[in-house]
2 protein chains.
Amino acid sequence: MMNIGEAARASGVSAKMIRYYEETGLIPPAGRTGSGYRTYGPKEVQVLRFVRRARDLGFPMEKVGDLLALWRDRERASADVKRLAEGQIEALETRIREMMEMKAALEHLVHACAGDARPDCPILDDLGGRVAANHCSTTKN
Amino acid sequence: MMNIGEAARASGVSAKMIRYYEETGLIPPAGRTGSGYRTYGPKEVQVLRFVRRARDLGFPMEKVGDLLALWRDRERASADVKRLAEGQIEALETRIREMMEMKAALEHLVHACAGDARPDCPILDDLGGRVAANHCSTTKN
DNA sequence: ATGGGGGTTCCCATGATGGGAAGGTCAAGG
DNA sequence: CCTTGACCTTCCCATCATGGGAACCCCCAT
């Protein structure tokens, strides 16, 4: 039996987060020593590592809860797990796409900017809503 | 002169956010009518649109503040603006990379999961820290 | 018994946004 | 003139996941 600090080190989840997960019901309340210290055994540490890995894969806490429930349910269908994972892949794809659009727009602007000591700057012109003078207009035709 | 609702519609920034930007000092305090309503002219709306576009490009509020300062400074060097934009591109790249790694890991797991009615699931096995039996182990040799 | 390194709870902050309550204001129409 | 509905004001709370820190208690080794 380990205390919360040891469990944190063993699982890679900070003590702060362990308490938070418990408070929000993601994980069941840990046992307590007579003086109120939380205690963790190997099984609890495994749960924490599970949570850690799922979070590392970008699952929001709520989905981690769903995954934990499936993990505990020996009657589960692997299809349910797969669905969750595919949903997460889609969520990631959406965010990746959004960020790549931002990046592309920025690269376009950066490309048009001289980046020297002069004040003229198509980046600011664009942000300010100006038409960017003569530099590849948005309505290309 | 428009009130905050009209300015919100004209700029694409919600009234709530306009007040927040003012409160945090990102934009200067708006003028007020005798009865306390905030008033906005075309110039103020342009500032709001500037903020909106910069946020759409993923700049955090702090950097938006920097951009606004450069925008207002007619002595600026475009190199300074470009540096900010390039920094933002890097920030985006980092986050994109992280998410693509998550996505790749998930795809790997999803690929290995039958996704049927049976409970056996390499996804859960992996999250639980098991070695995934005989299915392309992590230490491939 | 004392000191240092834990543990415990509770509150606050982040970043950017939305929701909502309580109360004042404005404009249009009866 | 008064009502009504849409709008404004401020203030508080919630999100999501995480960290910081205060105040206090506990355990072990010296």
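Quick note: numbers below take in every heavy atom, side chains included, and nothing from hydrogens, waters or symmetry partners. Since the structure is predicted, the reported quantities are computational estimates derived from the model, not experimental observations. Letters A, B, ... are given to chains in the order of the sequence lines, protein chains preceding strands, and every chain is numbered from 1.
With axes fitted over five pairs at each extremity, the angle between the ends of the helix from C/dA1-D/dT30 to C/dG30-D/dC1 is 30° (10° resolution).
Taking atom CZ of residue A/R52 and atom P of nucleotide D/dA17, one finds them 15 Å apart after rounding to whole Å. As rounded to whole Å, 12 Å separates atom P of C/dC10 from atom NZ of A/K16. Rounded to a whole Å, the CG atom of A/L26 is 14 Å from the C1' atom of D/dT18. For A/Y40 and C/dT8, the OH to C1' distance is 11 Å, given to the nearest whole Å. If you measure from atom CE of B/M17 to atom P of C/dT17, you get 5 Å, rounded to the nearest angstrom. Here the P atom of nucleotide C/dA16 and the CG atom of B/L48 are 16 Å apart, to the nearest Å. One can place CD of A/E22 at 8 Å from P of C/dT9, the figure rounded to the nearest angstrom. As rounded to whole Å, 14 Å separates atom P of D/dT18 from atom CD of A/E23.
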field: Derivation and outcome, side-chain contact (heavy atoms from CB on, under 4.5 Å), residues A/M99 and B/R95
entry: CA-CA 8 Å; A/M99 294 202 298; B/R95 284 194 278 148; 3.6 Å; yes
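Electrostatic pairing of A/E107 and A/K103 counts as a salt bridge here, judged by a charged N lying under 4.0 Å from a carboxylate O. No salt bridge links B/R53 with B/D56; every basic N to acidic carboxylate O contact stays at or beyond 4.0 Å.
If you find the closest nucleotide of DNA chain C to B/T33 and to B/E62, the one lying nearer the 5' end belongs to B/E62. Along DNA chain D, the nucleotide closest to A/P60 and the one closest to A/Y37 are compared, and the more 5′ of them pairs with A/P60.
Between D/dC7 and B/N3, no contact under 4.0 Å exists linking OP1 or OP2 to a side-chain N or O. When the side-chain nitrogen and oxygen atoms of B/S35 are compared with OP1 and OP2 of D/dC8, none of them lie within a distance under 4.0 Å. Residue B/R55 places none of its side-chain N or O atoms closer than 4.0 Å to OP1 or OP2 of C/dG15. Residue B/Y21 has no polar side-chain atom (N or O) positioned under 4.0 Å from OP1 or OP2 of C/dA16. The shortest distance between the side-chain N/O atoms of B/S14 and the OP1/OP2 oxygens of C/dG18 is below 4.0 Å. Using a 4.0 Å cut-off, no side-chain N or O of B/R32 falls inside it from OP1 or OP2 of C/dG24. Remark: A/R19 is not in phosphate contact with C/dC10, judged by side-chain N or O atoms under 4.0 Å from OP1 or OP2. Note on A/R38: every side-chain N or O is 4.0 Å or more away from OP1 and OP2 of C/dG7.
Between the side chain of B/Y20 and the base of C/dG15 there is no donor-acceptor pair of N/O atoms closer than 3.5 Å.
Counting heavy atoms from C-beta on, the side chains of A/F50 and B/L124 come closer than 4.5 Å. In this structure, the side chains of B/L84 and B/Q88 stay at 4.5 Å or more apart for every pair of heavy atoms.
A donor-acceptor pair under 3.5 Å is absent between the side-chain atoms of A/R38 and the main chain of A/A30, judged by distance alone. One N or O on the side chain of A/N3 and one on the backbone of A/E6 form a donor-acceptor pair closer than 3.5 Å.
Of all the heavy atoms in A/A77 and B/D116, the pair that sits closest is CB-O, 3.4 Å.
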